[in-house]
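Only one structure is covered here, and it is reproduced in the block below.
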Amino acid sequence: MGDILRVCALYPSRMNIYADRGNMILLERRCAARGIGFELSAAEHGDSIDPGAFDLFYIGGGQDRDQVQIAQDMLRTKRDALARAAEDGKVMLAVCGGYQLLGESYELADQVIEGLSIVSLKTVREPGPRLIGNVVIELEIEGKPQRLAGFENHGGRTYLGEGESPLGSVISGFGNNGSDHFEGVRHKNVFGTYLHGPLLPKNAWFADYLTALALARDGTPVELKPLDDVLEDAAHRCALDAGRRSRR
Ligand code: GLN
């Protein structure tokens, strides 16, 4: 088992709304509690990336304005490396605005933002309100049913291309577009989701799954030492309850 988790955060100074940087803090704390090293690097505007130098890539959410500002740079300086990392089975977690940029495009009223095209999906602005509120989704991980809870706030509606699988199905909330009951995407080890919260502190089990996958050397998630998760389990239950109460 690898004893260090090497994480690359993409544009953390811009793509970090709704406390999304808490996802990195949680990964770091859980690594520390298990005696696993943790290295966090930032790839900002103009920086190139060595896809082999990291186990996990992360991008948080952002306003449309932030997405416009990073998209071209991301295509120019990081696209090929990220595509290679995704093909090689590296773990990627992309939240909301970051998730939208994994796909081909994000269509706004007066412009189209070109995405990384790592995953086949498109995001469009359609008439209608922003999709806001608590979310609970159901998903299957390694053959086991699980739940993720979080909070969504997005104007874009995302539609998955043929052959892509959603991360989960919506139990409460809107998910990808408010109509097909899908939430997020999973493509190899690339995970896209609309769930803020931040996501990982509300779903520590998922942080562990990503860590176990990222540290895997042969594709099989490594076994992680169990931690005392009394508070983390309570936070998860609380987030699930919030989703249930606002069930639509
Ligand atoms: N700007 C995007 C939208 O409104 C993403 C927002 C977000 O990251 N919360 O759809």
Side-chain angles (χ1 to χ4, degrees), residues 9-26 42-45 57-75 78 82 92-119 121-137 148-161 166-168 170 172-185 190-203 206 239 242-243 246 248:
L10 304 168
Y11 305 96
S13 65
R14 252 181 211 292
M15 301 298 281
N16 61 19
I17 56 174
Y18 287 117
D20 281 347
R21 67 163 64 86
N23 289 325
M24 297 298 93
I25 298 171
L26 185 96
E44 296 280 3
H45 197 92
F57 295 85
Y58 171 69
I59 181 164
Q63 313 280 359
D64 292 354
R65 192 185 52 234
D66 299 315
Q67 293 171 277
V68 169
Q69 286 184 0
I70 67 155
Q72 274 191 8
D73 180 73
M74 190 154 73
L75 283 180
K78 301 172 182 59
L82 291 172
M92 260 177 225
L93 173 63
V95 176
C96 203
Y99 163 39
Q100 295 170 339
L101 294 177
L102 293 178
E104 284 108 27
S105 55
Y106 176 22
E107 248 179 78
L108 300 166
D110 51 359
Q111 66 181 316
V112 178
I113 307 177
E114 192 183 340
L116 294 168
S117 299
I118 285 178
V119 177
L121 60 85
K122 285 196 166 124
T123 302
V124 288
R125 280 288 177 128
E126 290 168 353
R130 292 185 70 80
L131 306 180
I132 304 175
N134 294 307
V135 197
V136 177
I137 70 169
L148 284 174
F151 177 80
E152 64 185 326
N153 182 351
H154 49 110
R157 269 84 164 153
T158 296
Y159 295 91
L160 302 185
L167 178 59
V170 173
S172 61
F174 296 103
N176 281 347
N177 48 53
S179 53
D180 64 15
H181 302 289
F182 291 147
E183 205 294 311
V185 73
V190 177
F191 299 83
T193 178
Y194 272 111
L195 273 57
H196 297 280
L199 172 72
L200 299 183
K202 284 186 173 173
N203 304 279
F206 191 57
S246 55
R248 280 176 293 269

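As the structure lists them, so they are numbered: ligands from 1, and atoms in each ligand from 1. Quick caveat, the model's predicted, so the values are computed rather than measured.
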Show every donor-acceptor pair shorter than 3.5 Å between a side-chain atom in residues 57-69 and any protein atom, with sequence neighbours excluded, or say none if there are none.
| residue | atom | partner | partner atom | Å |
| --- | --- | --- | --- | --- |
| Tyr58 | OH | Asp20 | O | 2.8 |
| Tyr58 | OH | Asn23 | ND2 | 2.9 |
| Asp64 | OD1 | Tyr106 | OH | 2.9 |
| Asp64 | OD1 | Arg125 | NH2 | 3.4 |
| Asp64 | OD2 | Arg125 | NH2 | 2.7 |
| Asp66 | OD1 | Arg14 | NH1 | 3.3 |
| Asp66 | OD2 | Gln63 | N | 3.1 |
| Gln67 | NE2 | Gly97 | O | 3.1 |
| Gln67 | NE2 | Gln100 | OE1 | 2.8 |
| Gln69 | OE1 | Arg14 | NE | 3.4 |
| Gln69 | OE1 | Arg14 | NH1 | 2.7 |
| Gln69 | OE1 | Arg14 | NH2 | 2.9 |

Do the non-hydrogen side-chain atoms of Leu195 and Leu167 ever get within less than 4.5 Å of each other? no
Side-chain heavy-atom pair Leu82, Leu10 within 4.5 angstrom cut-off: yes
Which atom names give the shortest non-hydrogen contact between Phe206 and Leu93, and what distance separates them?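 Smallest heavy-atom distance, with atoms named: CE2-CD1, 4.3 Å.
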What are the two closest heavy atoms between Glu44 and Tyr11, and how far apart are they?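 Scanning both residues, the minimum pair turns out to be OE1-CA, 3.4 Å.
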Taking any residue with a non-hydrogen atom under 4.0 angstrom from an atom of ligand 1, which ones do you get? Ile17, Gly61, Gly62, Gln63, Asp64, Gln67, Cys96, Gly97, Gln100, Tyr106, Arg125, Arg130, Asn153, His154, Gly155, Gly156, His196
side-chain contact (heavy atoms from CB on, under 4.5 Å) between Tyr194 and Thr158, intermediate numbers included: CA-CA 10 Å; Tyr194 272 111; Thr158 296; 2.6 Å; yes
